[in-house]
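Chain letters run A, B, ... following the sequence lines, proteins first and then strands; every chain starts at 1.
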Number of protein chains: 2
Amino acid sequence: MARYRDTRERILDVALELFTEEGYDRASLREIAERLGVTKAALYYHFPSKADILFALHLRIHALIDEPLQQLRAAPVTLGRWETFLSACMEKLEGNTALFLLHRNNQVAFSSLHNEAHRHAHTELEAWANMLFSDPSLSPGERLKMAASFAVAFLTPMLAAPLISPGNEANMAPALRRIIHGVLRTATEDSASSARNGSGPRPTAPPRLAVRNRARN
Amino acid sequence: MARYRDTRERILDVALELFTEEGYDRASLREIAERLGVTKAALYYHFPSKADILFALHLRIHALIDEPLQQLRAAPVTLGRWETFLSACMEKLEGNTALFLLHRNNQVAFSSLHNEAHRHAHTELEAWANMLFSDPSLSPGERLKMAASFAVAFLTPMLAAPLISPGNEANMAPALRRIIHGVLRTATEDSASSARNGSGPRPTAPPRLAVRNRARN
DNA sequence: GTCTATATAGGGATAGAC
DNA sequence: GTCTATCCCTATATAGAC
């Protein structure tokens, strides 16, 4: 039938709504079915399990940011390329905040996906972020700035989006980019050249962020 | 009895572990009881419901950051006072990342707490953050920088903490403070006087960024 | 492709003995 | 304060008719 379009897609749309609103664990298939005007059993025709619905949504996110990610991986990571990457992702995610919120609100659910069945290349947001943040070819200070800029790019909007001015999230993108640009250029001890030392909140210098860290993979 | 110490506290400790690991919804009382060596029914002697356990943990977080929060509320918010506030919170939270992760991983669960029964003054992380980020006496640009610095302060560590150098989270605090300092001084369109465009985090002259704010309590 | 009906499991919570 | 035993409910998932 597929009254409007592909039923499978409509299921995913509704699931996206409910999973973000109530969280994956609390949202029941009954709710999804009701809101969709079908029965639970109908869902099982399209998806073998509830987890598979979540996984399908995961693939949506994946597809969305796959291209910038591939580009980033095409060469060694630098702060400049990282900034480009973030910018590209921000663009992709514009208007798709629901997908991002879904991931944000259901980290445990997502992480239990691969633990169970799937053996795909999981490049979840935190997964590949982690990979990068532990890249030993980057200094600890650089990694921290990458993480900080990541937080600014993707987590700030979720703090501020519904509040600053609902609807025109696009407006804050330029400001965010400016902030990110600044973050990635913050002076650090281990950025060799900077003798620049302000006053402000005196970082009474434990000079180097000791790192005899080893990629634990 | 209370073999080791107050049983109630032990329950909370175990619950903190499980709620952060598996998420509040997935962690069952049976699991908590088993890990504790008691039965489910025993838990109900100490807590009237599962939600109350979560709420008790919420109070732990609350107590932890209550003082800086009261200080922040004691006067109109400025970017400078905001920075002080963040710094104080970071200090408090050092060594208590579990509590923070709990909150981070269970936002829906926490938010459904007050919706149900409690009428307390809920100053959850996102709740009071939201309140501030929507303060109309601050310009949108300022609010965004507050949100961004908030993200840097509290969300960056959770991205980077397990990776940069496990165990010495303290070491990254100074660097984070420097980044935050810079974020709050990023030039914005609506910061009228922004000819101030040095490179790096300009020290001197703490904020004074206009505040015709009203304490809204 | 969607339905009705049902199987099965596990959750939170209570009663009452000790 | 902690136990055993149990109630009740809702969830996922399946079987099989249409």
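Residue-level contact check: A/Ala27 touches the backbone only, with heavy atoms under 4.0 Å from sugar-phosphate atoms and none from bases. Here A/Thr39 lies in heavy-atom contact (under 4.0 Å) with a base.
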message: The test is salt bridge (Lys or Arg N to Asp or Glu O under 4.0 Å); show your working for B/Glu34 and B/Lys40 and say whether it passes.
response: CA-CA 8 Å; B/Glu34 274 178 9; B/Lys40 275 195 299 178; over 6 Å; no
A/Leu93 vs A/Met90, side-chain contact (heavy atoms from CB on, under 4.5 Å): CA-CA, chis, key distance, verdict: CA-CA 5 Å; A/Leu93 288 173; A/Met90 286 171 63; 6.0 Å; no
field: B/Glu17 and B/Arg35: CA distance, side-chain angles, deciding distance, salt bridge (Lys or Arg N to Asp or Glu O under 4.0 Å) verdict
entry: CA-CA 10 Å; B/Glu17 282 178 27; B/Arg35 192 178 285 201; 2.8 Å; yes
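The distance between atom CD1 of B/Ile11 and atom P of D/dT2, rounded to the nearest whole Å, is 7 Å. Here the C1' atom of nucleotide D/dT2 and the CZ atom of B/Arg10 are 13 Å apart, to the nearest Å. One can place CG of B/Leu43 at 17 Å from C1' of C/dA15, the figure rounded to the nearest angstrom. Distance B/Glu22 CD to C/dG10 C1': 14 Å, rounded to the nearest Å. Atoms CG (A/Asp25) and P (C/dG10) sit 16 Å apart, rounded to a whole Å. If you take CG of A/Leu54 and P of D/dA11, they are 17 Å apart, rounded to a whole angstrom. Atom CD1 in B/Ile53 sits about 12 Å away from atom C1' in C/dA13, given to the nearest Å. With rounding to whole Å, A/Arg26 atom CZ is found 11 Å from C/dG12 atom P.
Between B/Tyr24 and A/His46, the residue anchored closer to the 5' end of DNA chain C is A/His46, taking for each the nucleotide with the nearest heavy atom. Nucleotides of DNA chain D nearest to A/Glu31 and A/Pro48 differ in position, and the one nearer the 5' end is that of A/Glu31.
Taking 4.0 angstrom as the limit, A/Tyr45 places none of its side-chain polar atoms (N or O) nearer than this to OP1 or OP2 of C/dT2. Contact annotation: A/Arg30 does not reach the phosphate of D/dT10 (side-chain N/O to OP1 or OP2, under 4.0 Å). Between B/Thr7 and D/dT2 there is a side-chain N or O to OP1 or OP2 distance below 4.0 Å.
Annotation: cation-pi geometry not satisfied between A/Lys145 and A/Phe150 (NZ/CZ under 6.0 angstrom from ring centroid, within 45° of ring axis).
Nearest to the side-chain atoms of B/Tyr44 among the listed nucleotides C/dA13, D/dC3, D/dT14 stands C/dA13. Of the candidates D/dT14, C/dG12, C/dA13, the closest approach to any side-chain atom of B/Ser49 belongs to C/dA13. Among D/dC3, D/dT12, C/dG12, the nucleotide with an atom closest to any side-chain atom of B/Leu29 is C/dG12.
One can find a donor-acceptor pair under 3.5 Å joining the base of C/dG12 and the side-chain atoms of B/Lys40.
For the residue pair B/Arg26 / A/Ser112, a side-chain donor-acceptor distance below 3.5 Å is found, with atom types taken as modelled.
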